[in-house]
Trainee: 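Quick one: structure below, then a few questions.
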Amino acid sequence: MSDGKSTKSRPKGKGRSKKEVNTFYGLLDKPNIRRVTLGKYTCDTWYGNAAYFNSNDWSHSMLGYEYSNKIALDPSVKRKSSKSFSSTGDTTTTTNNNNDSNDNETKDNSLWIDQLYVCEFCFAYTMNNNEFQKHRACCTYRVYQPTVGRLVYRDDTSSSPYIIREVRGFQHSLFAQNLCLFGKLFLDDKSVYYNIDYFNFYIIYGIDNTDDAQDELFFKPMGFFSKELLAYDNDNNLACICIFPPFQRRHLGSLLIEFSYELAKLTPGQYYSGPEFPLSPFGKVSYLNYWSKKLATVIYAHLNDKDTFTLKDLATWTGFRKEDILLTLEYMKLLQTDNHGNVQLLLGNFQLFCKEHNIDPIQEKSMIKEDCLLI
Amino acid sequence: MTVQDSAESKRKLRSNDDSSRIANTALFNFDNINQILYRDKSITVTTELSFTNPYVYNGNIDINKKNSTTSKVSNVQVTHDLIPRRSSKLNDPLDPSIYDIFHKKMKRDERIMANEDRSRILSEVDNLQSQLQLLHQYDWIRYLPSICYINNPQDYDELEQKLALTITELDKLIRKHDNWRRRNDALNNEIKEFDTGLRHVVIEHDEYTADIATLRERRRVERRKRLGPTIRLKLHNGYTLIIDPIHPPTVL
């Protein structure tokens with residue numbers, strides 16, 4: 001599951017509709033790239049990404065870097081590609097020569113290219129399979145243990161070791177830009193791909209246990225989350241989060257969410273923190289599940305023998321923002337208003353919620369191992 | 001509308017280019033504050049089980065409904081192409097330089113968009129500062145109704161109370177902006193030092209071989225160097241003020 005959320009280049013929820021936010025890159029209701037190959041995996045994309053393309057190339061017959069490079073060599077290419085724009089203003093279906101499709105569905109006019117190839121280590125991208133395979137052989141990021149950025153989590157104690165590395169956008173620009181571009185294929189709302197100087201990226205690497213013995217076993221990127229360092233709301237500990245489709249269903253989203261809170265505990269101004277709002281549908285599911293499990297443990301530990309409490313108490317015990325706590329308590333259906341307008345927390349409802357959701361509030365199950373944190 | 005909501009709605013409206021919408025709704029409103037959220041009102045604990053009169057905060061949080069957005073199918077397939085052997089003679093067809101022109105252009109365009117947003121925020125902050133100045137004048141009573149919602153303009157008690165609340169809220173918003181500006185300046189300096197070669201990426205050659213405890217201690221020292229130490233201020237009245245660079249200050 002991809003826990004989609006938005007990154008932003010400007011404050012969100014400030015009267016801007018989704019259409020306005022995406023005006024710069026165009027609003028794409030459907031995927032414009034049919035399939036993407038990440039290393040040895042090929043899968044359908046979930047959402048469109050116009051940022052891979054140059055907005056001057058209305059035919060979308062090539063990727064943005066190819067178009068820009070061709071223009072640089074021969075400016076007359078720009079005039080020729082403008083002429084290919086149809087008089088109705090609609091983009092035409094393009095089936096690039098390098099993308100042979102056997103599927104009749106490419107008649108869908110929303111598709112710009114059939115297949116994109118992305119390096120699984122550095123996220124370099126191309127439409128050409130030959131270039132992609134040659135690059136895989138000589139990619140400098142293809143090493144057993146990744147060295148990009150800084151190590152911030154090292155779990156080499158379990159049978160499924162994981163590594164998290166912190167990559168600063170301004171120090172590894174191309175890597176971060178390519179990562180953002182690839183992530184957008186599985187995120188519904190994202191607006192920053194290139195101006196990433198003010199973002200940190202936290203990439204989780206794991207061993208792909210489906211690799212053949214012939215392949216060298218490398219730690220591969222399996223997902224990431226980004227954090228905006230200059231968010232106006234300094235209590236945002238996460239901008240967007242994405243677990244790549246081949247590596248979903250491993251609870252890596254939960255691990256990254258937990259990590260984001262551990263990181264926030266050591267970040268000035270983020271004593272109480274949470275993800276950037278508004279949450280995407282995936283983000284809402286992931287976070288409400290995470291918050292409710294954590295709150296269940298805290299409620300059991302602290303409130304069973306108390307008569308009253310405040311949201312600030314819960315915030316102090318969890319590190320969550322009060323707004324996020326209130327949202328979760330509402331989701332768990334634990335709060336009731338009495339005739340005088342006072343609010344009550346119902347422990348009976350709490351026990352029922354735990355039972356229905358298989359939550360054991362006595363034992364807090366954590367994906368993250370605190371001893372492995374290197375922040 | 002809560003204070004925070006009203007403050008944010010003010011910013012939201014002022015961010016909107018449609019000037020006709022900037023109207024009476026851009027006022028602080030302290031009458032309908034969410035007490036448990038912003039005034040830390042106590043919540044009582046009972047052992048009951050009941051679903052009548054549920055407390056509504058957001059109202060739209062049913063995540064059990066299946067919809068197309070959360071039920072995406074990836075159709076992942078695996079190909080077992082053999083990767084060509086590494087060779088020093090092999091040129092990388094996806095060398096970083098091929099992306100230079102396009103990525104630089106796109107970064108420039110996105111930066112322009114970000115700067116437009118910054119300008120809007122700065123203009124809003126200017127507004128807030130002007131409002132604060134007006135409220136500190138002797139004739140504040142003339143300006144308060146255009147900044148804060150007043151139920152009864154003849155009720156001087158209400159006016160005084162809301163003057164204090166509005167000034168506190170404006171101070172808080174301006175301090176938030178100052179905090180952002182300090183972070184902005186610090187990060188820009190860091191980026192500038194990196195671009196000019198004054199600051200380099202630190203490479204830890206033993207990050208996978210050293211034991212975790214060693215690495216954690218190294219991180220702790222780096223953090224202390226970056227953020228500064230914890231300060232304990234012993235006051236003459238028997239109390240001690242603890243100022244931590246990360247946690248809120250506490251008094252012992």
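These numbers were taken from a predicted model, which means no experiment stands behind them. Each chain gets a letter, A, B and so on, in the order the sequences are listed, and its residues count up from 1.
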Trainee: Heavy-atom pairs under 4.5 Å with chain A: which of B/L187, B/D100, B/V201 has the most?
Mentor: B/L187
Trainee: Apply side-chain hydrogen bond (donor to acceptor under 3.5 Å, both in side chains) to B/N53 and list each qualifying residue two or more places apart in sequence or on a separate chain.
Mentor: none
Trainee: With a 4.5 angstrom heavy-atom cut-off, which part of A/L334 approaches chain B: side chain, backbone, both or neither?
Mentor: neither
Trainee: Among all residues two or more places apart in sequence or in another chain, which pass the salt bridge (Lys or Arg N to Asp or Glu O under 4.0 Å) test with B/K41?
Mentor: none
Trainee: At a heavy-atom separation under 4.5 Å, does A/R321 approach chain B through its side chain, its backbone, both, or neither?
Mentor: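 Contact with chain B involves no heavy atom of A/R321 at all.
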Trainee: Chain A heavy atoms under 4.5 Å from B/N188: which part of the residue, side chain, backbone, both or neither?
Mentor: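 The answer is the side chain of B/N188.
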Trainee: Counting only non-hydrogen atoms closer than 4.5 Å, does A/Y272 touch chain B with its backbone (N, CA, C, O), its side chain (CB onward), both, or neither?
Mentor: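 When you check distances to chain B, no heavy atom of A/Y272 falls under 4.5 Å.
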Trainee: Side chain from CB out, backbone as N, CA, C, O: work out which of these in A/Y52 comes under 4.5 Å of a heavy atom of chain B, or both, or neither.
Mentor: backbone
Trainee: Under 4.5 Å heavy-atom distance to chain B, tell me which part of A/T42 shows up: side chain, backbone, both or neither.
Mentor: both
Trainee: Quick check on A/A124 against chain B: is it the side chain, the backbone, both or neither that has a heavy atom closer than 4.5 Å?
Mentor: both
Trainee: So which of A/Q171, A/H172, A/K265 has the largest heavy-atom pair count under 4.5 angstrom toward chain B?
Mentor: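 Most pairs with chain B among the choices: A/Q171.
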Trainee: Quick test of your reading: applying ring pair (Phe, Tyr, Trp, His ring centres under 6.0 Å), list the pairs with at least one residue in residues 183-226 of chain B, sequence neighbours left out, ordered by first then second residue.
Mentor: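 For residues 183-226 of chain B, and leaving out neighbouring residues, the ring pair (Phe, Tyr, Trp, His ring centres under 6.0 Å) pairs sorted by first residue read A/F170-B/F194.
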Trainee: Heavy-atom pairs under 4.5 Å with chain A: which of B/I98, B/V78, B/N184 has the most?
Mentor: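 Among B/I98, B/V78, B/N184, the one with the most close pairs to chain A is B/I98.
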Trainee: Please classify the contact of B/P245 with chain A as side chain, backbone, both or neither, using a heavy-atom distance under 4.5 Å.
Mentor: backbone
Trainee: Can A/D208 and A/Y41 be counted as having a side-chain donor-acceptor contact under 3.5 angstrom?
Mentor: yes
Trainee: Would you say the side chain of A/Y193 lies within less than 4.5 Å of the side chain of B/E110, judging by non-hydrogen atoms?
Mentor: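 The answer is yes, as the side chains (C-beta and beyond) meet within the 4.5 Å cut-off.
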Trainee: Of the backbone (N, CA, C, O) and the side chain (C-beta and beyond), which part of A/D197 lies under 4.5 Å from a heavy atom of chain B, both, or neither?
Mentor: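 Contact with chain B is through both the backbone and side chain of A/D197.
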Trainee: Measure A/Y198 against the heavy atoms of chain B and call it side chain, backbone, both or neither at under 4.5 Å.
Mentor: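 A/Y198 touches chain B through backbone and side-chain heavy atoms alike.
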Trainee: Please look at A/A315 and chain B and tell me whether the side chain, the backbone, both or neither of the residue comes under 4.5 angstrom of a heavy atom of that chain.
Mentor: neither
Trainee: Hydrogens and angles aside, do A/T310 and B/D40 bring a side-chain donor and acceptor to less than 3.5 Å of each other?
Mentor: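 Distance-only check fails for A/T310 and B/D40.
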Trainee: Within residues 211-221 of chain B, which positions have a heavy-atom distance to chain A below 4.5 Å?
Mentor: B/D211, B/I212, B/L215, B/R216, B/R219
Trainee: Does the plane of the ring in B/Y99 sit parallel, tilted or perpendicular to the ring in A/Y125? Use 30° and 60° as the thresholds.
Mentor: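 Taking A/Y125 first and then B/Y99, their aromatic rings sit tilted (interplane angle of 30° to 60°).
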Trainee: What part of A/L181 lies closer than 4.5 angstrom to a heavy atom of chain B: side chain, backbone, both or neither?
Mentor: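 The side chain, not the backbone.
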Trainee: Quick one: what part of A/L229 sits under 4.5 Å from any heavy atom of chain B, side chain, backbone, both or neither?
Mentor: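 Both backbone and side chain of A/L229 come within 4.5 Å of chain B.
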Trainee: Could you look at A/D313 and say if it's the side chain, the backbone, both or neither that has a heavy atom under 4.5 Å from chain B?
Mentor: neither
Trainee: Side chains of A/T126 and A/E131: is there a donor and an acceptor less than 3.5 Å apart?
Mentor: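 Yes, side-chain donor-acceptor contact under 3.5 Å.
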Trainee: Decide whether B/D126 and B/S123 meet the rule of one side-chain donor and one side-chain acceptor closer than 3.5 Å.
Mentor: no
